[in-house]
Structures are given as structure tokens and as C-alpha cells.
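This report concerns only the one structure given below.
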Number of protein chains: 2
Amino acid sequence: MQGVRRVLVVDDDDGVRTAVTWAFEADGFEVLAVDNGLSAMETIDGEVLSLVVLDLSLSGLGGLDILRRLRANESRNGQRHLPIIVLSGRDSETDRIIGLDLGADDYLVKPFSPGELAARARSVLRRSAEQAGGASAPFTPVGNGVEVDRTSRSVWVDGRSIELAAKEFDLLAYLVEHPRRACRRSELLAAVWSSDSDWQNESTVTEHVYRLRTKIETDPQNPKWLRTVRAVGYRWEG
Amino acid sequence: MQGVRRVLVVDDDDGVRTAVTWAFEADGFEVLAVDNGLSAMETIDGEVLSLVVLDLSLSGLGGLDILRRLRANESRNGQRHLPIIVLSGRDSETDRIIGLDLGADDYLVKPFSPGELAARARSVLRRSAEQAGGASAPFTPVGNGVEVDRTSRSVWVDGRSIELAAKEFDLLAYLVEHPRRACRRSELLAAVWSSDSDWQNESTVTEHVYRLRTKIETDPQNPKWLRTVRAVGYRWEG
DNA sequence: GTCGATGATCAACGACTTCTCAACATTTCA
DNA sequence: TGAAATGTTGAGAAGTCGTTGATCATCGAC
């Protein structure tokens, strides 16, 4: 898409900055790294960036503040959406990220593997490019795999069109948009049903997954895409 | 790593303070020395230090208290791990266990030779530098070795994907996040099982370590990553 | 070497999770 | 309004996982 892909890494831990920098440079990115929120904001204002990797738990001007300010600025000035991947230190923070829906494009919980970060970065950039690419080219379902188009709300599996009910589609779309993430049922309830797990029964999710599998998996008993993560929930193998 | 290597010596015995100070100054360290726990905490808060040498048997605010507070603060604020070498007057097994459990990086019993202390200091600092240097901490190295990803809850050993049960994964993730630390079984119970050791049997940890080893170690009888620390617990060799 | 303490290994059982299906509730649309 | 499609809930079966205690191996002290 662009000649230079430039990423900003914001983390106050030397080790994380170094490792993330390596991972991105190995992937052909130009990397800027800063260790605090103020420098991060300055860099974002002053530089042309393709992507920001942002630690949530910065001291001082925190990751959440940056995210909030950035998104507020963008919508006020009608600027282009700058893709952001959030890093969070604890698994419990994940729930907050999802709950608050702060506009991160993806998020990773430490510890994470560099390869995983690189994969998510590519995926975020691809989506961002498709979006910027305007009136997305008429969808052509190609070859193998599962293709989901939110605009026409249609789904193809290995090139064949599949009919899904509304909730089934929403669930699948969410999973496909968050590939390789172990999603807990409560997360899916919140995201797809806009509901609290206190309010709604989590077995609703189980049942919809069951129906989805019968429709999209070749061997529903032995699912290839929609995998169970025992004691947690489900994961889409993108 | 740093231009100046600065060490804080905490001991209420004049003779020990003097001897240790000499030993470190001869080794090119800048030395701060205090004779009580309160001053120690103040110095730790106010100064940039490379290492603390801490007498366990201080009167007043004791060595164990300092260790506990310091490590609690670090984990709460996500600060860098400050290396600590503990000095103890007695060779009692109990103190040794408690000292290592609370996150002392090494341990010396009085009387000791200044040369021995200097050697251990160098070793502790080297390990600490390696750790901060990126190849460990929340991040696991690429390629060979064990990679853990909390987001997708998946694990790779030498590039091959490994299936783990829920508790096995949680245990592994905790260990990987605290590399090169002797973790007591009670600590692991508290961290991974959110449980009291009075309530749950510590052999649960032993068993889970056993299962983990059979899944991730090439030679489980002779573990390379998940090592036993006799009379204490287990340690992850990051 | 012997003894005691500690860890490894194994088997067994109970508890928990998910799958599956059926029944009921709700929405949609003719 | 009524029928069909869709969504939600609950219950039982099947399977996996977690935990424990027993027994054997190993280590270190004496």
C-alpha cells in the first residue's frame, strides 16, 4: 500500500521495546520506539505512521489516555483512522478493553510471541487498507477457507455460499474479525449480544457455536476453524 | 547496561558494612550504606540502584519486610526487577526458603568472604542484564525454545504447537512470566489457583508440573526449562 | 550405608465443561 | 392472526480435567 511502513512502539519496558522492534524490523518495518506517553503523543502528531503498538499500563500519561485522545482528535478533524494494537499486562485488563471498546484495532495480552504480534499487525494493516480502499471491490469468494462480507452479510465456505441466521452471522463475523483469540463466552455475549453474562445465559453462545459448526464445518465433531478452548471459550483459527 | 553501578548495603553491623563497602568499591561500584530498614526503603525509593545487599536480621523494619514490600511494589507498578542479595546470620533452612521465595536473587550466609560476595554480585547482575536485555520477561524468544501466547492461549515448543489443559497453560504462563525465579509451591498455588496452601494440597502443583514436563520437555526426567529447586519449588529457565 | 525428607510417578475418582438435543419463547412476515 | 424461522434455555450424556493419596526414586545429612 505504502512505500514505507512505519510503526511506533510505546512501552516503558526496555525488554518489550527491544523485542517488538526486532520483530517488526525483521518484517520490513521502520520502527520508532518511545518509553512514555508524552513522547508517544508528540511522535503521533509529528510523524506519518502506519501503525501504533501501545502498552496500556504506562505510568504518567497512560495508554488509555492516549487512545482516547487520539480517537477524539481523529473524529474531530476527520482524519484517517490510525491502526492501534494494544498490549496489556494482565488478562483481567482484557475484559476492560472489550467492555470499554476504546477503539483499539486489536489487543494482545502479555506474554505474547513476536510471531503472533507480527501476524496481528499484518492483519490489522490489511483490514485498514481494505477500508481505506473505498467502496470495497465487489466481493469475490475465492478458493479455500471461510469468507465473510459484512456489507452483504454473506458467507462463503470453500467458494460455496452458506445461509446463516442473523445471530449466527454476527457471531461468525466477530470471531473472524478477531482471529486466533481465545474468546470467553462472556466476551462473545458482550460483543455479539451486547449483553451482560449476568443477564443472559452463556449456554446461548454454546448453542450458537454448535449451529454454526453444523453449517460451516466439514466435520462439526472435529472443527477446523471454530475450535473449543476448554475452560475458556472458543477460538477462530484464521 | 548502566554507566554507574551503584549498590546499596543494608546491615546494622559496622564491620560488615565496612567490609562489604570495600569489596564493592574495589570492584568499581559506587556504594551507599545504611544501618536500618527505614533508611534502606528511603534510599531504594530515592536513588537509582543496580543492586541491594540486604541483611535479613535487621532490628526494627526487618530484611524480610523490605524484601516483601519491594517486590510487592515492583509487581504492582510493573517496575524493573531490582536485584537483591540477602545476607543471613544463621544457616537455618527456613530463612533460606523464605528468602528465595520472596524474590531474593541470591543468598549468602555469614561469615562470607568479600570475594564470594563480589562473585555472586557479578553473577546476579549479569543475569539481571540479560533479562532486561529483551530475551525474556513478558516476551518469549523466536524460533527455538518455548513460546507462550496468552491471547490465543497457545504454546509452541521449538516451533511445534502443543495442546495444554487450562491449568497447565496458566501454570506455564506464570512461570514464563517470572523466569529464573525459585517459585515456592505456595506461591504458585496463590498465583495460578488463587488459592491458599492451607486449603489446597501442594502436591497439586507437583502433579501439574509433572504433566507440563511430559508435554513440553524433550526429556521430562531431565528437564531443561522447568527445573526443580529442591526444598523450595520450581524455576523457569528463561 | 542408613535414615529421613522431598520429589516423581501413577492410578483412581469426583467435579466440571462441553456437546447435543429438545422444548419453549420470540420475532418475522404473509 | 398464524405459521415459519430464529433465538434462548435447560437437562442429560459424554468426555476431559483437576485433585488427591499411595508408592517408588532420589538426595543430602549423619
Side-chain angles (χ1 to χ4, degrees), chain A residues 153 155 162-174 182-186 188-217 219-223 226-235, chain B residues 91-94 96-97 100-101 109 153 155 162-172 174 182-186 188-217 219-235:
Chain A
R153 293 184 70 86
V155 176
I162 301 281
E163 291 297 322
L164 293 183
K167 279 280 183 291
E168 289 165 4
F169 179 87
D170 292 339
L171 174 60
L172 176 61
Y174 181 85
C183 300
R184 32 197 83 238
R185 291 185 178 72
S186 62
L188 294 169
L189 265 187
V192 178
W193 279 262
S194 329
S195 158
D196 212 294
S197 56
D198 296 339
W199 183 245
Q200 229 176 0
N201 199 318
E202 296 196 350
S203 67
T204 296
V205 178
T206 310
E207 170 64 16
H208 279 259
V209 165
Y210 172 65
R211 294 189 185 174
L212 250 185
R213 280 176 175 163
T214 62
K215 293 190 181 181
I216 64 171
E217 294 280 0
D219 178 8
Q221 262 99 6
N222 197 12
L226 215 176
R227 302 281 287 272
T228 300
V229 182
R230 207 149 211 290
V232 178
Y234 300 96
R235 180 177 60 211
Chain B
D91 190 11
S92 106
E93 188 81 345
T94 326
R96 173 176 230 113
I97 295 172
L100 286 175
D101 179 45
V109 179
R153 294 184 68 90
V155 176
I162 302 281
E163 294 293 324
L164 293 184
K167 279 280 183 292
E168 289 165 2
F169 179 88
D170 292 337
L171 174 61
L172 176 60
Y174 181 85
C183 299
R184 258 179 114 189
R185 289 188 178 72
S186 62
L188 295 169
L189 267 186
V192 177
W193 279 261
S194 333
S195 156
D196 212 294
S197 55
D198 297 338
W199 184 246
Q200 232 176 356
N201 199 319
E202 295 198 348
S203 68
T204 295
V205 177
T206 310
E207 172 65 15
H208 279 261
V209 165
Y210 170 65
R211 292 189 184 175
L212 250 185
R213 281 175 174 162
T214 63
K215 293 190 180 180
I216 63 171
E217 294 279 359
D219 179 7
Q221 263 98 7
N222 196 14
K224 190 172 136 197
W225 291 301
L226 214 177
R227 303 283 286 271
T228 301
V229 182
R230 216 182 149 71
V232 179
Y234 300 96
R235 184 179 56 215

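Every chain is numbered from 1 and lettered A, B, ... according to where its sequence line falls, protein lines coming before strand lines.
One interatomic measurement links the two molecules: CD of A:Glu202 to P of D:dG10, which rounds to 13 Å at whole-angstrom precision. For B:Gln200 and D:dC17, the CD to P distance is 18 Å, given to the nearest whole Å. Computed from coordinates, the A:Asn201 CG to D:dG7 C1' distance equals 13 Å when rounded to whole Å. In this structure, A:Leu171 places its CG atom 16 Å from P of D:dT6, rounding to the nearest Å. For the pair B:His208 NE2 and C:dG7 P, the computed distance is 17 Å after rounding to whole Å. Atom pair A:Lys215:NZ and D:dG7:C1' shows a separation of 12 Å (rounding to whole Å applied). In this structure, A:Asn222 atom CG and D:dT16 atom P are separated by 12 Å, rounded to whole Å. Taking atom CG on A:Leu164 and atom P on D:dA5, their separation rounds to 16 Å, with Å as the unit.
Side-chain contact between B:Tyr234 and B:Thr228 is present, with at least one heavy-atom pair separated by less than 4.5 Å. Between B:Thr214 and B:Tyr210, some side-chain heavy-atom pair lies under the 4.5 Å cut-off.
Atom CG of B:Leu188 and atom CZ of B:Arg185 lie 8.5 Å apart (nearest 0.5 Å). Within the model, atoms CZ of A:Arg230 and CZ of B:Arg153 stand 12.5 Å from one another, a figure rounded to the nearest 0.5 Å. The line from CD of B:Glu202 to CG of B:Leu189 is 6.0 Å long, rounded to the nearest 0.5 Å.
Within 4.0 Å of B:Phe169, counting heavy atoms only, lies no atom of the nucleic acid at all. Within 4.0 Å (heavy atoms only), B:Val205 reaches no atom of the nucleic acid at all. When heavy atoms are screened at a 4.0 angstrom cut-off, B:Arg211 is found touching base atoms of the nucleic acid.
For B:Trp193, no side-chain nitrogen or oxygen approaches OP1 or OP2 of D:dG18 to under 4.0 Å. Between B:Arg213 and C:dA8 there is a side-chain polar atom (N or O) within less than 4.0 angstrom of OP1 or OP2.
Here the side chain of A:Thr228 is nearest to one of D:dT19, C:dC19, C:dG7, namely C:dC19. Among the nucleotides D:dT9, D:dG18, D:dG7, the one closest to the side chain of A:Thr204 is D:dT9. Nearest to the side chain of A:Arg230, among C:dC19, C:dA8, D:dC17, sits D:dC17. Among C:dC19, D:dT19, D:dT9, the nucleotide with an atom closest to any side-chain atom of A:Arg185 is C:dC19. Of the candidate nucleotides D:dG18, C:dT20, D:dT20, C:dT20 has the atom nearest to the side chain of A:Tyr210. Nearest to the side chain of A:Gln221, among D:dT9, D:dG7, C:dT20, sits C:dT20. Distance from the side chain of A:Lys167 is smallest to D:dG7 among D:dT19, D:dG7, C:dA8.
Here the side chain of B:Glu217 pairs a donor or acceptor atom with the backbone of B:Lys224 at under 3.5 angstrom.
No N or O donor and acceptor, one from the side chain of A:Glu207 and one from the base of C:dC19, sit under 3.5 Å apart.
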